[in-house]
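First listed ligand is number 1; within each ligand, the first listed atom is number 1.
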Amino acid sequence: MTDTRFQHRHLLGIQGLGPEEITTLLDIADGYVEQNRSVDKRKNLLRGRTVINLFFENSTRTRTSFELAGKRLGADVINMQAAGSSVQKGETLIDTAMTLNAMHLDVLVVRHPDSGAVKLLSEKVNCAVINGGDGSHEHPTQALLDALTIRRRKGRLSGLTVAICGDVLHSRVARSNIHLLNVMGAQVRLIGPRTLLPSGVERMGVEVFHDMRRGLEGVDVIMMLRIQNERMRGNFIPSIREYFHFFGLDQAKLALAKPDAVIMHPGPMNRGVEIDSDVADDVERSLIREQVEMGVAVRMACLDVLTRHLPNRDGAA
Ligand code: ASP
């Protein structure tokens, strides 16, 4: 197997990846988009491989798309929810990992409510680990699928201005996207109320706006974020109504962005809270459906590159 220019054993975050590595993943994913649109969607690249999706938090898109991605590459895929597993009976994360390890799996996809938990697991297992979202830390495959969606529509990432709006404080999607867009040469603006933007965020190389109208002026891409109630302790916004008035994306605010600006959302969307239905369903400008499609292709690319370094595939070491 040829050198993939992606030499990492795990995919734990975007932080630390260089532009070449990101481009490699996006290029490989682009090929899988075509495969997924054809009648015969199945390849045998991962035949004999076992992928386990270990999810300690709810998920719709990420878990399903990892499952589809693994199956389309010919792997055996098993889904484990923390509810229903021994974790509920008090087993530690490490014991769970050791149990899974003894089953000789090849790839473990993990989602966990605590930042850093996926890295900890990766240090204890023999297989490749993919971070499916850890607390408010990182969600690397979301940032990669967002990048692929933008690149396919705009033809590039470099030189674009991307606004990330809403609950940045609790968002792993925002953090991964900030790293990726910075590395790829895009300009990032963060828009939100003071209570929902991390302090010192300017040090991440972004521009900060508390006035959404000003922040949206002339942007190419608008990424909306959900209010992450499950990670909040205390009140961060006065009321949903007020939040939507100031920070919800509607046609009037959208008109301030470039005429060809596109709208994105990682899902799940809360219509009428951070985004108006008119905008979310705008067939010309909303890329929310494409994001889901790109998610499968990106996860296929991640499984592909990470298994290239495992023993016994096409004579690899
Ligand atoms: N689905 C994304 C995540 O898991 C975004 C969200 O939940 O709002 O982080």
task = Sort and list the pairs that fulfil salt bridge (charged side-chain N to carboxylate O under 4.0 Å, His left out) and have at least one residue in residues 275-292, not counting sequence neighbours.
result = R271-D281
task = State, without any angle test, whether Q291 and H265 hold a side-chain donor-acceptor pair at a distance under 3.5 Å.
result = no
Geometric cation-pi criterion, R299 with F66: 6.0 Å, 45° = yes
ask   = Looking at V219, V206, L216, which hits side chain to side chain contact (heavy atoms under 4.5 Å, CB included) with R189?
value = V219
key: Side-chain (K43) to main-chain (G74) donor-acceptor, under 3.5 angstrom   = no
Considering only N or O atoms, set out every pair between ligand 1 and the protein closer than 3.5 Å, with distances to one decimal place.
| unit_1 | atom_1 | unit_2 | atom_2 | d |
| --- | --- | --- | --- | --- |
| ligand 1 | 1 (N) | G267 | O | 2.9 |
| ligand 1 | 4 (O) | R111 | NH2 | 3.2 |
| ligand 1 | 4 (O) | R172 | NE | 3.4 |
| ligand 1 | 4 (O) | R172 | NH2 | 2.8 |
| ligand 1 | 7 (O) | R226 | NE | 3.4 |
| ligand 1 | 7 (O) | R226 | NH2 | 2.9 |
| ligand 1 | 8 (O) | R226 | NE | 2.7 |
| ligand 1 | 8 (O) | R226 | NH2 | 3.3 |
| ligand 1 | 8 (O) | Q228 | NE2 | 2.8 |
| ligand 1 | 9 (O) | R172 | NE | 2.8 |

Residue pair K71, D76: steps toward the salt bridge (Lys or Arg N to Asp or Glu O under 4.0 Å) verdict = CA-CA 7 Å; K71 287 183 172 163; D76 295 315; over 6 Å; no
